[in-house]
Amino acid sequence: MGANGNLVKNFIFDFDGTLFFTKKANYEAYRRAFSDVGIMLTEEQYSSVYGLRADDLFSAIAPMLSDDQVRHVRQQKANYYRQLIPQIEPNIDLIHFMKWMKHTHQMALVTTASKANVMPILEHFGLDNFFDVSVYGEDVVIGKPNP
């Protein structure tokens, strides 16, 4: 048992699809950004790579892009994504649970998403200083599905 009498001392939360429902906004941002370089990204294609790190997503969707095109798509995706933040749906029940448990437990956020994509969303929903520990996609060497 932990010092506070609880068996559970820490909670670890995923970001995309758990804490926030970002799939639609991510898809739309990538769809627009890939369109800028002449690639028409379908929902089916995006669903097949959803949750992967950006490098793996680019390798699967558009391996023929030059480094300059990849940089352009990444930058434009980030710009479009920021515009779409109001369309992202928070998991209200989970957020209420987290706030209730925060007083007695440590909270961690672990995600394959980049810090640059996560922080504006956390800020938008008032959770930017909530987590005791955060691990972002750029903090790990090998992404999903590697544990």
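Along the sequence shown, the residues carry numbers beginning at 1.
To the nearest 0.5 Å, the span separating CD1 on Ile12 from CD on Gln106 amounts to 11.5 Å. One distance of note links CZ of Phe34 with OG1 of Thr42; it measures 11.0 Å at 0.5 Å rounding. The distance from atom CD of Glu43 to atom NZ of Lys24, rounded to the nearest 0.5 Å, is 9.0 Å. Atoms CD1 and CD1, from Ile121 and Ile85 in turn, are 5.0 Å apart once rounded to the nearest 0.5 Å. A distance of 14.0 Å separates CD of Gln76 from CZ of Arg71, quoted to the nearest 0.5 Å. Note that CG of Asn26 is 4.0 Å distant from OH of Tyr81, once rounded to the nearest 0.5 Å.
Taking 4.5 Å as the limit, some side-chain heavy atom of Leu19 sits within range of a side-chain heavy atom of Leu109. Proximity of Glu89 to Thr22: side-chain heavy atoms (C-beta onward) are nowhere separated by under 4.5 Å. Side-chain contact check for Val110 versus Val133: every heavy-atom pair is 4.5 Å or farther apart. The closest side-chain heavy-atom distance from Asp16 to Lys23 is not below 4.5 Å. Within the 4.5 Å cutoff, side-chain heavy atoms of Lys99 are placed close to those of Leu127.
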- Message: Between Glu28 and Arg32, does the salt bridge (charged side-chain N to carboxylate O under 4.0 Å, His left out) criterion hold? Intermediate values first, please.
- Response: CA-CA 6 Å; Glu28 183 58 23; Arg32 292 177 187 180; 2.8 Å; yes
- Item | side-chain contact (heavy atoms from CB on, under 4.5 Å) assessment of Tyr50 paired with Gln45 | CA-CA 9 Å; Tyr50 181 68; Gln45 287 172 311; over 6 Å; no
Do Gln69 and Ser66 pass the side-chain contact (heavy atoms from CB on, under 4.5 Å) test, and can you show the C-alpha distance, the side-chain angles, and the key distance before you say yes or no? CA-CA 5 Å; Gln69 288 174 311; Ser66 69; 3.3 Å; yes
Item to complete: Report the C-alpha distance between Phe130 and Leu122 in whole Å, list the side-chain angles of each, state the deciding distance to 0.1 Å, and finish with yes or no for side-chain contact (heavy atoms from CB on, under 4.5 Å).
Response: CA-CA 9 Å; Phe130 185 82; Leu122 292 177; over 6 Å; no
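In terms of heavy-atom proximity, Pro86 sits nearest to Arg82 at CD-O, 4.4 Å. Shown here for Val140 and Val135, the closest heavy-atom pair between the two residues is CG1-CG1, 4.1 Å.
Between the side chain of Thr18 and the backbone N or O of Phe15, no donor-acceptor pair lies under 3.5 Å. Gln75 contributes no side-chain N or O that, together with a main-chain N or O of His72, makes up a donor-acceptor pair within less than 3.5 Å. No donor-acceptor distance shorter than 3.5 angstrom exists from the side chain of Gln87 to the backbone of Leu84, with no hydrogens or angles considered. Looking only at distances, a side-chain donor or acceptor of Asp132 sits under 3.5 Å from a matching main-chain atom of Met107. Looking at Ser114, its side chain does come within 3.5 Å of a backbone N or O of Asn117 through a donor-acceptor pair.
The hydrophobic cluster containing Val70 also contains Met64, counting ILVMFWY residues as joined when their side-chain heavy atoms lie under 4.5 angstrom apart, directly or transitively. In terms of hydrophobic clustering, with Ile, Leu, Val, Met, Phe, Trp and Tyr side chains grouped at heavy-atom distances under 4.5 Å, Met98 and Trp100 are assigned to a common cluster. When hydrophobic clusters are built by joining Ile, Leu, Val, Met, Phe, Trp and Tyr residues whose side-chain heavy atoms come closer than 4.5 Å, directly or via intermediates, Phe21 is not grouped with Val118.
Comment: Asp55 engages Arg74 in a salt bridge, judged by a side-chain N to carboxylate O separation of less than 4.0 angstrom. Salt-bridge annotation for Lys115 and Asp139: absent, with no side-chain N of the basic residue lying under 4.0 Å from a carboxylate O of the acidic one.
With hydrogens and angles left out, the side-chain atoms of Asp36 and Tyr80 include a donor and acceptor closer than 3.5 Å.
Residues passing the ring pair (Phe, Tyr, Trp, His ring centres under 6.0 Å) test with Phe125, sequence neighbours excluded: Phe20. In this view, Tyr27 and Tyr46 satisfy the ring pair (Phe, Tyr, Trp, His ring centres under 6.0 Å) rule, not counting sequence neighbours.
By the 30° and 60° cut-offs, the orientation of the rings of Tyr30 relative to Phe58 is perpendicular. Note on ring orientation: taking the six-membered ring where Trp is involved, the planes of His105 and Phe11 are tilted (angle from 30° to 60°).
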